[in-house]
Amino acid sequence: MAEKVESLREPAETELTEGEELEKKNEQMKERKVSWAKLGRVDSLNLEAGRVSMSHRHGSQVNWRRTLSLAFQSIGIVYGDIGTSPLYVYSSTFTDGIDHTDDIIGVLSLIIYTIALLPMLKYVFIVLFANDNGDGGTFALYSLICRYAKVSLIPNNQPEDRQLSNYKLDLPSNELKRAQTIKKKLENSKMAQYLLFIVTIMGTSMVIGDGVLTPSISDAVVGVSVLILAVLFSVQRFGTDKVGFAFAPIITVWFLFISGIGLYNLFVHDIGVLRAFNPMYMVQYFQRNGKKGWVSLGGIFLCITGTEAMFADLGHFNVKAIQVSFSCVTFPALITAYCGQAAYLRKFPNQVEKTFYNSIPDPLYWPTFVVAVAAAIIASQAMISGAFAIISQSLSLGCFPRVKVVHTSAKYEGQVYIPEVNYMLMIACVVVTAAFQTTEKIGNAYGIAVVSVMVITTGLLTLIMLLIWKTSIWLIALFLVGFLSIEVIYLSSVLYKFVQGGFLPLVFASFLMAIMAIWHYVHKKRYMFELNNKVSSEYMRQLASNPNINHVPGIGLLYSELVQGIPPIFSHFISNIPSIHSVVVIVSIKPIPLSKVAVEERFLFRQLEPREYRMFRCVARYGYNDRMEEPKEFEQQLIENLNEFIRHEHFVLEGEAPGNVEVEAVQQPNPSSGSPSIQSFNAARSANSSNRIVSSRIVSVPIRGAEEEMQFVRAEMEKGIVYLLGETEVVAAENASFFKKLIVNYVYDFLRKNFRQGETIMAIPRSRLLRVGMTYEI
């Protein structure tokens with residue numbers, strides 16, 4: 001910013017004397033400061049968000065060496081599930097045996113085109129590009145929509161958020177009218193907003209349910225013990241980077257084995273199965289089998305289990321890495337494996353129950369068996385990693401109880417591990433494995449979970465095409481009708497086996513949706529309570545004249561989720577402990593619906609009245625994949641940015657007049673907020689000039705020097721920083737219904753008490769923590 005200030009000093013004309021030159025410079029500077037001060041009276045917090053660093057989206061700009069490294073890791077993390085599907089697809093499809101040998105070619109044709117259309121075309125070449133700054137999954141799609149339309153259920157949007165460098169995307173200019181119409185309808189329809197939220201948490205719940213079913217369906221192939229499951233989940237703490245490099249060689253060897261065995265069977269038994277690339281064999285298959293063929297689609301669909309993991313795990317890698325690994329390794333290996341098994345079945349149709357193991361040449365049987373066991377164990381890794389990524393996103397959007405998120409890699413920003421979720425998944429997997437016992441039963445359940453997520457992804461992506469990408473309506477119709485028709489047909493087939501185990505993912509999803517919905521509902525109500533009970537400006541004026549209020553040395557950081565105004569917990573604190581720190585900063589940790597916020601754009605400040613109390617409002621903005629700093633690092637960043645704010649505010653106010661001055665102010669929506677001031681000169685110049693000037697006020701405190709104020713803040717920092725944390729208990733009102741009291745007083749209270757508390761998440765030292773208790777009635 002110093003460079004910007006210096007650049008304002010224009011070179012004087014050579015004809016001027018030194019004195020005239022200095023006088024002209026001072027006059028120009030004064031005019032500019034007054035202009036900036038007038039521009040500074042704008043709504044919300046300071047427009048320092050106008051400073052754009054143009055930081056890169058994570059995973060978007062990497063060299064090919066890193067991309068190939070990530071592609072290799074992704075083989076061990078993403079494709080274990082879809083890669084082990086040849087173990088059970090044919091046996092799950094022909095549950096009653098093979099009636100006609102041409103049915104084998106028909107099923108192979110369905111497998112080939114299902115893999116080519118859904119994982120390859122839809123996900124690898126379309127869905128992956130709907131990432132949110134490098135992150136994928138259902139919540140990434142939802143956050144994209146929330147960014148371009150005000151459909152979030154919590155009203156904490158601020159104009160400055162849209163000026164974040166990662167908030168902006170390059171939008172095409174065509175089809176703008178259609179996009180604006182859809183945006184307006186979404187923003188004006190509460191029903192549409194609730195439906196969008198419900199669909200999002202449903203998709204998220206299904207993906208997490210996949211994480212439960214995947215280990216079970218894989219392990220059931222060889223009867224893997226509970227002990228091995230425990231070992232699998234225990235290694236998750238080492239992170240995706242290390243786990244990926246450890247598992248990738250195993251899955252790579254697995255792909256080499258299945259493709260090699262496939263080629264062997266293809267040439268030895270019946271190369272004529274390659275006729276399956278003719279789609280007419282699919283038509284003939286359904287003509288011969290009718291309803292039985294439709295029911296068998298549930299088994300065929302298992303050939304693409306784990307497809308959603310490519311998108312859910314995207315934050316651990318990048319788009320090019322997934323495209324390279326799937327197109328060059330996974331896709332050809334799978335097609336070869338299925339063709340080889342089909343060739344074997346044409347010759348030995350009675351061995352369909354154990355097609356894979358029976359088709360292995362004798363010399364390779366035991367090596368392949370060992371690798372198959374290892375690959376089956378690793379198969380669950382895709383959805384486990386995806387569950388971590390999605391829960392991490394949902395936390396920042398206020399849709400899941402607080403858990404510990406560990407960032408396991410300094411190189412790859414999206415790689416996270418959540419201990420609580422890891423062990424809950426492990427317990428659920430053990431229970432499911434023991435209860436179902438057979439692959440067929442688990443497969444019935446697994447299909448519903450996978451295809452449901454695909455249908456939800458298709459719907460959300462269609463909305464993104466309309467609202468954000470502004471794609472041609474004909475291409476959107478082709479995408480929606482083409483893929484949705486395929487997925488709905490598969491969904492109808494897997495739902496047919498609902499009573500045979502298909503109900504399980506719906507039970508999981510319902511349970512997780514209930515947790516997410518209850519947490520989000522109370523979270524929203526608590527936020528609205530604080531918004532409607534903000535501290536009034538009258539209270540602050542009385543506070544300034546109250547002689548009983550004592551000043552305590554040091555800095556107090558009062559935490560609140562409210563992004564505008566002073567929270568009610570502040571007045572509650574003052575009434576119980578009639579003292580205030582020399583410097584008070586009301587801090588809001590605000591989640592932004594994008595993956596990362598640049599550090600230089602993180603903090604927004606405003607000074608509150610009365611000015612002599614040195615009270616500041618601070619909003620610290622974090623994306624859902626940003627790491628929360630350690631207290632010492634956070635304090636350092638906050639104080640540095642606060643001093644920068646003081647310097648810039650002083651620079652602007654100095655242009656108005658020394659001492660008591662009359663200044664213009666824009667009407668504030670929040671009466672308790674103090675005078676806003678500019679931190680970014682660039683932002684000031686671009687501020688909306690249409691802001692209505694409605695009143696004037698007197699700054700009653702002489703403006704002290706910026707350096708003096710900054711030294712005072714530093715000195716108070718050295719005396720100590722105390723964290724004032726609101727310990728709010730939310731209860732249902734006395735006249736609330738029985739159901740609402742049950743949800744708020746018991747279910748939500750149980751979740752709040754049994755998950756991590758705020759001070760644990762922020763790692764606040766207990767010696768510097770002061771809790772302030774208060775009860776909110778909603």
Side-chain angles (χ1 to χ4, degrees), residues 81-82 85 89-90 92-93 103 105-130 136 138 141 199 202-203 206-207 210 276-312 326-327 330-331 334-335 338 443-466 471 473-498 502 505:
D81 189 3
I82 194 172
S85 57
V89 167
Y90 281 111
S92 298
T93 303
D103 288 348
I105 299 180
V107 168
L108 176 60
S109 185
L110 284 165
I111 290 172
I112 290 171
Y113 283 100
T114 298
I115 296 175
L117 290 175
L118 292 180
M120 176 68 89
L121 180 59
K122 178 188 170 184
Y123 277 87
V124 173
F125 291 108
I126 301 177
V127 174
L128 290 184
F129 290 101
T138 312
L141 298 175
V199 167
M202 182 186 297
M206 288 290 187
V207 172
D210 291 353
F277 282 92
N278 182 350
M280 278 303 298
Y281 283 93
M282 292 188 288
V283 178
Q284 294 171 6
Y285 173 75
F286 288 117
Q287 287 175 344
R288 278 192 306 271
N289 294 278
K291 180 181 177 182
K292 185 179 178 181
W294 168 72
V295 172
S296 70
L297 287 175
I300 294 171
F301 184 78
L302 295 177
C303 73
I304 56 170
T305 56
T307 296
E308 183 65 22
M310 287 193 291
F311 189 45
F326 187 84
S327 303
T330 307
F331 182 73
L334 289 175
I335 297 299
Y338 285 116
N444 294 336
Y446 193 43
I448 293 179
V450 177
V451 74
S452 298
V453 176
M454 287 186 174
V455 171
I456 290 170
T457 300
T458 299
L460 291 176
L461 188 59
T462 301
L463 189 56
I464 286 173
M465 287 178 171
L466 288 165
T471 312
I473 193 67
W474 299 109
L475 291 177
I476 294 173
L478 182 63
F479 171 85
L480 179 63
V481 175
F483 289 114
L484 192 62
S485 60
I486 297 172
E487 291 161 358
V488 167
I489 291 171
Y490 273 118
L491 181 62
S492 66
S493 177
V494 296
L495 286 174
Y496 181 76
K497 298 182 179 180
F498 181 83

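A distance-only check finds no donor-acceptor pair linking the side chain of Y123 to the backbone of A309 [under 3.5 Å]. In this structure, S92 contributes its side chain and V89 its backbone to no donor-acceptor pair below 3.5 Å. Remark: the backbone N or O of G106 is not paired with any side-chain donor or acceptor of S109 at under 3.5 angstrom. Between the side chain of Y113 and the backbone N or O of F277 there is at least one donor-acceptor pair closer than 3.5 Å. Judged by distance alone, with hydrogens and angles left aside, the side-chain atoms of S493 form a donor-acceptor pair with the main-chain N or O of G298 at under 3.5 Å.
Interatomic distance, I456 CD1 to M202 CE, rounded to the nearest 0.5 Å: 5.5 Å. Expressed to the nearest 0.5 Å, how far OG of S85 lies from CD1 of I111 amounts to 8.5 Å. The CD1 atom of I126 lies 12.0 Å from the CZ atom of F311; values are rounded to the nearest 0.5 Å. F301 CZ to T114 OG1: the interatomic distance, rounded to the nearest 0.5 Å, is 8.5 Å. The line from NZ of K122 to CG of L117 is 11.0 Å long, rounded to the nearest 0.5 Å. To the nearest 0.5 Å, atom CD1 of residue I304 and atom CE of residue M120 are 13.0 Å apart.
Within the 4.5 Å cutoff, no side-chain heavy atoms of V107 are placed close to those of Y338. Y285 places none of its side-chain heavy atoms less than 4.5 Å from the side chain of I105. Looking only at side-chain heavy atoms (C-beta outward), L491 and V494 come within less than 4.5 Å of each other. Side chains of T307 and V450 form no contact here, defined as non-hydrogen atoms less than 4.5 Å apart.
Between S485 and G482 the shortest heavy-atom distance is OG-O, 2.8 Å. Shown here for G203 and T138, the closest heavy-atom pair between the two residues is C-OG1, 3.8 Å. Between T93 and G299, the shortest heavy-atom contact is OG1-C, 3.3 Å. Closest approach of F326 and P119 over heavy atoms only: CZ-CB, 3.6 Å. Here the shortest heavy-atom pairing between E487 and V451 reads O-CG2, 3.4 Å. Contact between V124 and L128 at its shortest, heavy atoms only, is O-CD1, 3.6 Å.
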Q.
Apply side chain to side chain contact (heavy atoms under 4.5 Å, CB included) to residues L297 and I300 and explain how you reach the verdict.
A. CA-CA 5 Å; L297 287 175; I300 294 171; 4.1 Å; yes
Q) For F331 and I82, what are the C-alpha separation, side-chain angles and deciding distance, and is it a side chain to side chain contact (heavy atoms under 4.5 Å, CB included)? A) CA-CA 10 Å; F331 182 73; I82 194 172; over 6 Å; no
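Taking the six-membered ring where the residue is Trp, W294 and Y496 present perpendicular rings, their angle passing 60° and hence far from 30°.
The six-membered or imidazole ring of F479 lies near that of F483, with a centre-to-centre distance under 6.0 Å.
With respect to I464, the side chain to side chain contact (heavy atoms under 4.5 Å, CB included) criterion is satisfied by exactly one of T471, L141, V127: L141.
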